[in-house]
Amino acid sequence: MDEKRATCTFTGHRAEKFPWRYDEDDPRCAALKQCLADAVEAVYFDGASHFICGMATGGDMYFCESVLHLREEHPEVTLEAAIPYAGQSARWAEPQRRRYDRLVTACDYVTVVSRDFTPDCMMRRNRYMVDASAYLIAAYNGAPGGTRSTLLYAMRQGLHVIQLPIGE
């Protein structure tokens with residue numbers, strides 16, 4: 001199976017754009033995490049064994065943790081952190097930075113798209129992930145922004161898209 005066919009990426013909102021924000025005990029967050037775990041497992045059983053995560057707060061971290069859990073059961077699974085620029089987490093609150101550091105360390109591969117922040121580094125990271133993938137899992141509530149742009153780009157590129165519900 002070719003590399004792209006076996007690759008899945010994710011797009012979703014940052015924590016502050018979810019209705020529960022950073023409250024991961026909220027039942028809506030738990031429901032999204034379960035849907036995400038189910039989707040990750042489904043694409044694995046459909047042939048994806050490499051996963052790429054953009055490493056933002058919120059949905060990206062939920063995705064990353066779902067893939068790490070899958071890897072515990074299926075050691076052939078690989079996880080790549082696609083970081084838009086070095087220092088991505090530098091201005092985050094301490095708990096988010098610790099979580100980010102732990103997750104990046106657990107990844108099999110790390111790709112840093114830009115050494116420094118640039119106005120387009122997030123978009124370039126998103127396109128890198130989509131261009132390397134056959135599957136896109138999206139946690140999207142309809143709002144304009146990077147998640148919408150990534151989802152639309154993935155659809156234009158012909159990726160198999162799985163859109164997850166977000167409880168309001």
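Not measured: the values here are computed from a predicted model.
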Test of ring centre spacing under 6.0 Å for Phe45 and His74: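 So the answer is yes for these two rings.
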For a 4.5 angstrom cut-off between non-hydrogen side-chain atoms, does [X] reach [Y]?
X: Thr150; Y: Val130; result: yes
X: Asp23; Y: Cys29; result: no
X: Tyr153; Y: Asn126; result: no
X: Phe51; Y: Val40; result: yes
X: Val113; Y: Ile83; result: no
X: Glu24; Y: Lys33; result: yes
X: Ile166; Y: Pro19; result: yes
X: Gln88; Y: Tyr100; result: yes

Polar contact flag, side-chain donor to acceptor under 3.5 angstrom, Thr111-Glu80: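 Result is yes, a qualifying pair exists.
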Modelled atom types, side-chain donor and acceptor of His50 and Thr78, under 3.5 Å: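 Yes, because at least one side-chain N or O of His50 sits under 3.5 Å from a partner of the opposite role on Thr78.
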Which heavy-atom pair separates [X] from [Y] by the least distance, and what is that distance?
X: Pro144; Y: Lys17; answer: O-NZ, 3.7 Å
X: Thr7; Y: Ser133; answer: CG2-OG, 3.4 Å
X: Asp101; Y: Ser89; answer: OD1-OG, 4.4 Å
X: Gly54; Y: Arg125; answer: O-NH1, 2.7 Å
X: Tyr22; Y: Ala15; answer: CE2-CB, 3.4 Å
X: Gly59; Y: Leu36; answer: O-CD2, 4.2 Å

Pairs of donor and acceptor atoms involving the side chains of residues 115-122, under 3.5 Å and at least two apart or interchain, shall be tabulated with distances.
| unit_1 | atom_1 | unit_2 | atom_2 | d |
| --- | --- | --- | --- | --- |
| Thr118 | OG1 | Asp120 | OD1 | 2.9 |
| Thr118 | OG1 | Cys121 | N | 3.2 |
| Asp120 | OD1 | Arg124 | NE | 3.4 |

Kindly compute the distance separating [atom1] ([X]) from [atom2] ([Y]), expressed to the nearest 0.5 Å.
X: Ser49; Y: Leu79; atom1: OG; atom2: CG; answer: 12.0 Å
X: Phe63; Y: Met55; atom1: CZ; atom2: CE; answer: 10.5 Å
X: Leu103; Y: Leu68; atom1: CG; atom2: CG; answer: 6.5 Å
X: Thr11; Y: Gln163; atom1: OG1; atom2: CD; answer: 10.0 Å

Stepwise side chain to side chain contact (heavy atoms under 4.5 Å, CB included) test for Cys53 and Val67: CA-CA 9 Å; Cys53 181; Val67 173; over 6 Å; no
According to a hydrophobic-cluster definition based on side-chain heavy atoms being under 4.5 Å apart (Ile, Leu, Val, Met, Phe, Trp, Tyr only), do [X] and [Y] belong together?
X: Tyr85; Y: Tyr128; result: no
X: Val161; Y: Met129; result: no
X: Tyr44; Y: Leu136; result: no
X: Leu151; Y: Val43; result: no
X: Phe10; Y: Tyr135; result: yes

Test: Asp108 and Arg71 ion pair at under 4.0 Å: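 Yes, this pair counts.
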Pairs meeting criterion side-chain hydrogen bond (donor to acceptor under 3.5 Å, both in side chains) with involvement of residues 53-67, two or more places apart: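 For residues 53-67: Trp20-Tyr62, Glu65-Arg99, Glu65-Arg102.
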Side-chain donor or acceptor of [X] paired with backbone N/O of [Y] under 3.5 Å:
X: His69; Y: Ala37; answer: no
X: Arg21; Y: Glu16; answer: yes
X: Thr9; Y: Ile52; answer: yes
X: Thr147; Y: Gly12; answer: yes

Any residue meeting side chain to side chain donor-acceptor pair (under 3.5 Å) with Arg148, in chain and number order, not counting sequence neighbours: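 Arg148 satisfies side chain to side chain donor-acceptor pair (under 3.5 Å) with Tyr140 once adjacent residues are dropped.
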